[in-house]
*Asks:* 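Dropping a structure here in structure tokens format, bear with me for questions.
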Amino acid sequence: MLLLALTVGGSLGRHYITMFEATQNVMLKPTETWREALLDTRIMDLFFTHLPPPSPPLAELVQGMTLWKRAAAAKPAVHRKIREDSDMAQDSLQCLAQLASMHGPIFPDESARVSYLAHLVEGLLSMINGIEIEDSEAVGISNIISNMITMFPRSTLMALPTDLFTSFINCLTLLTCSFGRSAALEEVLDKDDMVYMEAYDKILESWLTFIQDDEHFPRGCFVQPAIQVFNSYIQCHLAAPDGTRNLSVNGISSHDEEEINELQGDDRELFSDQLSCIGLMGRVAADHCIPLLTSLLEDRVTRLHGQLQRTQQQLMASSDPSSVDRKVLGDLYEDIHWLILVSGYLLADDPQGETPLIPTEVMEFSIKHSTEVDINTTLQILGSPGEKASSIPGCNRTDSVIRLLSAVLRTSEVESRATRASLTQLLSPQMGKDIVWFLRRWAKTYLLVDEKLYEQVRDSPLRHKRVTQPFSLANIPLLPPQISVPLSTAFGTDTEGAQWIVGYLLEKVINNLSVWSSETELSNETVDLLVTLVEKRERANIVVQCESWWNLAKQFASRSPPLHLLCSSVQRSLMKALVLGGFAHMDSDTKQQYWAEVLHPLQQRFLNLINQENFAQISQEEAVKQEIVATLEALCGIAEATQIDNVASLFSFLMDFLSSCIGLMEVYSNTPETINLIIEVFVEVAHKQICYLGETKSMKLYEACLTLLQVYSKNSSRKRSDSAAEEDQYQDLLLIMELLTNLLSKEFIDFSDTDDVFRNQDQGTPACNRTVSAADVVLYGVNIVLPLMTQDLLKFPSLCNQYYKLITFICEIFPEKIPQLPEDLFKSLMFSLELGMTSMSSEISQLCLEALSPLAEQCAKSQDKDMPLFIATRHFLKLVFDMLVLQKHNMEMTVAAGEAFYTLVCLHQAEYSELVETLLSSQRDAIIYQRLADAFNKLTASSTPPTMDRKQKVAFLKCLEEFVANVGGLLCVK
């Protein structure tokens with residue numbers, strides 16, 4: 001391969017070989033010493049055009065290179081010559097992908113970079129032009145394009161000749177559409193090796209890079225390519241005649257493969273990256289794409305409405321319901337499925353942990369056409385989901401963004417009316433999921449849109465001078481909000497449109513929970529929409545004014561059908577929503593009445609049940625167990641509803657339950673599912689509330705958790721004497737470690753230094769009189785976990801990850817506690833760290849390396865060279881030394897390994913010198929010996945011995961990076 005041949009005999013050779021073996025798309029960053037060789041255009045011409053006889057120094061450079069020798073005997077370009085050999089073709093494309101990624105000091109100036117890129121683009125276009133790309137070439141070509149777009153600055157791309165840049169964009173557009181069609185065909189044929197899908201994903205990522213940096217390119221230059229790619233994607237996902245999805249291919253159609261495709265998972269998860277890219281491209285060409293989606297969706301919904309009626313008539317007329325062909329319905333549902341997904345990704349993002357904003361392109365599109373919009377007609381179409389939009393006079397003068405939402409609401413209305421007409425058996429639960437998913441995504445961004453979020457700062461001196469005086473936003477002049485009038489009129493605060501749609505969505509939720517209670521996924525999606533409606537206070541204020549909300553709360557609190565039939569996860573989220581709604585704005589009497597109807601029945605039923613004299617005898621009855629499980633699920637939901645402004649109330653309410661839950665541990669000690677749920681209540685309380693609790697309240701929670709662990713430990717020891725299977729403990733251990741990790745999080749995520757949020761409540765016993773700390777609880781928990789962790793249990797990825805995350809946190813936060821562990825537990829911990837470093841994934845290995853530094857620093861503080869931890873760190877020095885010098889390792893781990901290595905070298909300088917001397921003395925090759933000696937001398941070139949000093953550490957890590965580049969892989973044990 002090109003890269004390996006170019007680096008034979010060079011100082012970077014083995015280092016790059018090691019990297020290449022770890023990934024098939026290596027970025028090439030040679031030094032300026034390679035400038036003469038790699039900037040020679042004949043390197044690329046080797047692949048793109050016919051070859052002249054090589055001349056020095058190039059001939060010497062590629063001497064022994066098989067690919068060159070074969071090419072030299074042939075006139076055509078190398079890649080075209082070897083395309084039929086898929087292995088060699090991939091090698092050729094990998095070489096080109098590396099050349100396309102070349103960056104760094106090899107380019108003397110911008111002119112050289114532009115000249116190199118221009119020659120690369122010309123060659124690529126000439127290579128692709130006029131050939132039908134084979135499946136073995138698709139990924140390689142997409143990698144070449146991705147590397148070019150990712151590694152070369154935007155200024156370099158824009159410096160290309162205009163015609164060449166335009167040809168490149170046109171070629172990229174055609175390739176994207178071609179790969180998309182081939183990827184769709186792979187899905188139809190259900191191929192195991194989805195090479196076109198991989199290539200399509202990669203090339204869409206390249207478009208994403210372009211579009212996100214579009215300010216560097218001429219305005220509108222990506223609009224036409226975006227239209228073509230968007231149209232192609234839609235066409236591949238629609239049925240004929242508008243699309244190609246269900247066209248037969250070699251006798252196989254997507255309809256025949258429906259069952260297989262259903263087993264592959266949710267399309268939203270499988271194709272989230274694709275949908276994000278297509279949604280972004282739809283925004284770039286919003287003038288075309290939003291009306292297109294609206295038209296297609298309105299058409300499909302109209303046809304669905306008619307087809308449901310026709311199918312109902314056929315079923316009534318037929319004696320054999322199974323004989324009625326439902327293919328048309330299936331095709332319509334699949335069309336609607338993809339149209340709603342694309343619409344959702346185009347209209348809104350779903351940023352985690354951030355305030356969602358209406359995408360700039362969508363807002364600008366709506367603003368641009370706002371003068372053409374009749375607001376009243378727009379609101380009429382929005383508020384008439386039962387009618388066809390086209391039947392409303394003036395429908396062509398509506399806001400396109402609102403009309404696309406109206407098309408989804410129309411779909412929802414057709415579904416709801418079908419359920420009322422007892423046609424539920426003809427409906428698609430998948431369509432129901434898509435509708436509530438879209439509505440939830442839309443509501444987060446558009447419903448009660450806050451105009452302040454769209455204000456723009458005027459250009460003022462404050463933007464350009466250093467501010468030394470305190471100032472407020474009031475001092476900064478603002479432009480008028482850049483918000484669409486139709487959108488703010490329809491969905492803004494205190495608008496009739498917002499109130500209407502909140503009521504409509506609430507009715508949709510209630511209808512779904514009634515009709516689709518047996519469809520777990522759809523019920524979960526539905527209740528997630530409900531949570532979205534109440535998690536923001538402004539929306540919740542409207543929700544609680546709806547009579548249907550109060551009816552829902554009463555129905556759920558009384559365990560009335562059909563809500564009591566909902567699965568546990570749905571009931572948990574429903575309780576979360578009801579609690580969040582309770583903190584909306586209400587007068588004190590109304591709020592008191594609300595809690596009396598929502599939380600009081602839960603508390604009363606629970607206390608009445610567990611306080612019965614014969615509770616121990618009746619506890620195993622199915623009805624009693626169901627009541628206990630329902631209560632525990634509700635408690636988890638209450639904890640999940642925690643926010644900073646309600647934590648005081650919820651913590652006090654939940655603490656009253658926690659002691660009773662601990663008592664249930666004894667009663668249900670032989671019921672693993674219930675034990676898991678009890679622990680999960682504590683996990684959720686710690687996860688959601690610990691960061692808000694002051695010291696006094698934290699102590700209460702620590703005490704409760706410690707008692708829980710003590711009871712679990714007592715019962716668990718009895719179980720182990722009965723030889724319970726390791727798999728039975730999997731969930732228990734996972735939850736306990738999650739609980740301990742959540743308690744540890746208080747040490748680095750603390751939003752309440754005092755008990756201010758509880759200022760209106762009794763503070764209880766002062767914290768200074770308490771003896772239980774987070775460390776006590778966590779170390780007690782470690783005493784439970786460590787003896788139970790076996791190598792077989794560590795084969796469970798989630799358990800393994802949680803275990804190593806926990807012990808790393810402990811080492812980082814409480815390093816002084818590690819030497820105090822009992823001998824057997826200390827040895828178990830050290831063995832776990834060694835096992836994680838040497839036998840687990842790179843992620844686990846990195847966690848273990850991060851745990852070593854604080855342990856070594858603790859040893860340096862104590863200066864006790866006889867303690868077991870000091871001796872153990874000496875052993876870890878050897879392990880980390882071998883990892884860096886003798887073994888292949890993920891290059892991303894070099895930083896973590898380097899930091900651990902430095903602290904260990906500071907602690908054991910003599911042992912480090914011995915390791916170096918032993919390694920050097922074992923070398924028989926004089927050249928390798930000298931290279932290693934020089935590298936080690938440079939690594940520790942400082943005249944002063946290494947110490948736990950940050951400045952020295954940073955300098956060492958910089959030298960270590962160069963050390964690994966020079967000798968990394970030189971002594972790798974294969």
*Asks:* Distance check, rounded to the nearest 0.5 Å: Trp595 atom CH2 versus Ser649 atom OG?
*Replies:* 7.5 Å
*Asks:* From Phe881 CZ over to Leu904 CG, what is the distance, rounded to the nearest 0.5 angstrom?
*Replies:* 12.5 Å
*Asks:* Look at the aromatic rings of Phe615 and Tyr668 and report parallel, tilted or perpendicular, splitting at 30° and 60°.
*Replies:* perpendicular
*Asks:* Taking the side chain as C-beta and beyond, is there a heavy-atom pair between Met830 and Leu855 under 4.5 Å?
*Replies:* yes
*Asks:* Checking side-chain contact (heavy atoms from CB on, under 4.5 Å) for the pair Thr674/Leu664: CA distance, chi angles, key distance, verdict?
*Replies:* CA-CA 9 Å; Thr674 308; Leu664 293 177; 5.8 Å; no
*Asks:* With a 4.5 Å heavy-atom cut-off, do Leu708 and Ile678 have their side chains touching?
*Replies:* yes
*Asks:* Please walk me through it: do Ile844 and Leu794 pass side-chain contact (heavy atoms from CB on, under 4.5 Å)?
*Replies:* CA-CA 11 Å; Ile844 299 300; Leu794 288 174; over 6 Å; no
*Asks:* Might you point out which heavy atoms bring Val570 and Thr520 nearest each other, and give the distance in Å?
*Replies:* CG2-O, 4.2 Å
*Asks:* Does the side chain of Asn524 pick up a donor-acceptor pair with the side chain of Ser573 at under 3.5 Å?
*Replies:* no
*Asks:* Would you give the length of the straight line joining atom CD1 of Ile679 to atom SG of Cys661, rounded to the nearest 0.5 angstrom?
*Replies:* 11.5 Å
*Asks:* Any non-hydrogen side-chain atom of Asn801 less than 4.5 Å from a side-chain atom of Pro797?
*Replies:* no
*Asks:* Determine whether the side chains of Gln802 and Thr741 contain a donor N or O and an acceptor N or O closer than 3.5 Å.
*Replies:* yes
*Asks:* Do Leu599 and Gln603 come close enough that some side-chain heavy atom pair is under 4.5 Å?
*Replies:* no
*Asks:* Would you find a donor on one side and an acceptor on the other, under 3.5 Å apart, between the side chain of Ser839 and the backbone of Gly836?
*Replies:* no
*Asks:* Can you tell whether the side chains of Glu680 and Arg572 come within less than 4.0 Å, N to carboxylate O?
*Replies:* yes
*Asks:* Determine the minimum heavy-atom distance between Lys700 and Phe651, stating which atoms define it.
*Replies:* CB-CZ, 4.5 Å
*Asks:* Considering non-hydrogen atoms only, spot the tightest contact between Arg605 and Ala557 and give its length.
*Replies:* NH1-O, 2.8 Å
*Asks:* I'd like to know whether CD of Glu823 has more than 12 heavy-atom contacts from other residues, nucleotides or ligands below 6.0 angstrom.
*Replies:* no
*Asks:* Are any non-hydrogen side-chain atoms of Lys861 and Glu816 less than 4.5 angstrom apart?
*Replies:* no
*Asks:* Could you tell me whether the side chain of Lys746 and the main chain of Ile690 form a donor-acceptor pair under 3.5 Å?
*Replies:* yes
*Asks:* Does Gln592 CD have over 12 foreign heavy atoms under 6.0 Å away?
*Replies:* no
*Asks:* If we ignore hydrogens and angles and just use 3.5 Å, is the side chain of Ser713 paired with the main-chain N or O of Gln710 as donor and acceptor?
*Replies:* no
*Asks:* Considering non-hydrogen atoms only, spot the tightest contact between Leu960 and Thr894 and give its length.
*Replies:* CD2-O, 4.4 Å
*Asks:* Apply salt bridge (charged side-chain N to carboxylate O under 4.0 Å, His left out) to the pair Glu684 and Lys576, showing each step before the final yes or no.
*Replies:* CA-CA 12 Å; Glu684 290 300 331; Lys576 175 183 177 179; over 6 Å; no
*Asks:* Rounded to the nearest 0.5 Å, how far apart are CG of Leu835 and OH of Tyr804?
*Replies:* 4.0 Å
*Asks:* For Ser845 and Ser841, indicate whether the former's side chain and the latter's backbone hold a donor-acceptor pair under 3.5 Å.
*Replies:* no
*Asks:* Distance check, rounded to the nearest 0.5 Å: Glu627 atom CD versus Glu622 atom CD?
*Replies:* 12.5 Å
*Asks:* So, for Leu743 and Ala686, which heavy atoms are closest and what is the spacing to 0.1 Å?
*Replies:* CD2-CB, 4.0 Å
*Asks:* Side chain of Lys697, backbone of Tyr692: donor and acceptor closer than 3.5 Å?
*Replies:* no
*Asks:* Take atom CD in Gln909; do more than 12 heavy atoms of anything else shown fall under 6.0 Å from it?
*Replies:* yes
*Asks:* Taking C-beta and beyond as the side chain, do Phe831 and Gln791 meet within less than 4.5 Å on heavy atoms?
*Replies:* yes
*Asks:* Does the Gln863 side chain pair with the main chain of Ala860, one donor and one acceptor, at a distance under 3.5 Å?
*Replies:* yes
*Asks:* Does the side chain of Leu566 come within less than 4.5 Å of Phe556's, by heavy atoms?
*Replies:* no
*Asks:* Do Val579 and Glu640 have side chains that get closer than 4.5 Å, going by heavy atoms?
*Replies:* no
*Asks:* How long is the gap from NZ on Lys536 to CD on Gln643, to the nearest 0.5 Å?
*Replies:* 12.0 Å
*Asks:* Between Thr532 and Asp528, is there a donor-acceptor pair closer than 3.5 Å when you use the side chain of the first and the backbone of the second?
*Replies:* yes
*Asks:* List the steps and the verdict of side-chain contact (heavy atoms from CB on, under 4.5 Å) for His908 and Phe876.
*Replies:* CA-CA 11 Å; His908 302 288; Phe876 283 116; over 6 Å; no
*Asks:* Would you check if the side chain of Thr873 reaches a backbone N or O of Phe870 as a donor-acceptor pair within less than 3.5 Å?
*Replies:* yes
*Asks:* Counting only N and O atoms by type, is there a donor-acceptor contact under 3.5 Å from the side chain of Thr808 to the main-chain atoms of Leu847?
*Replies:* yes
*Asks:* For the residue pair Phe956 and Phe901, does the interplanar ring angle fall in the parallel (under 30°), tilted (30 to 60°) or perpendicular (over 60°) class?
*Replies:* tilted
*Asks:* Might you work through the salt bridge (charged side-chain N to carboxylate O under 4.0 Å, His left out) test for Lys795 and Asp792, ending with a clear yes or no?
*Replies:* CA-CA 5 Å; Lys795 292 176 182 177; Asp792 286 337; 3.3 Å; yes
*Asks:* Crowded around Glu535 CD? As in, over 12 foreign heavy atoms under 6.0 Å?
*Replies:* yes
*Asks:* List the atom of Pro815, the atom of Pro854, and the distance in Å for their closest heavy-atom pair.
*Replies:* CB-O, 3.8 Å
*Asks:* Is it the case that Gln689 and Thr642 place a side-chain donor and acceptor less than 3.5 Å from each other?
*Replies:* yes
*Asks:* Which is it for Leu677 and Ser568 under the side-chain contact (heavy atoms from CB on, under 4.5 Å) test, yes or no, and what are the steps along the way?
*Replies:* CA-CA 11 Å; Leu677 201 48; Ser568 58; over 6 Å; no
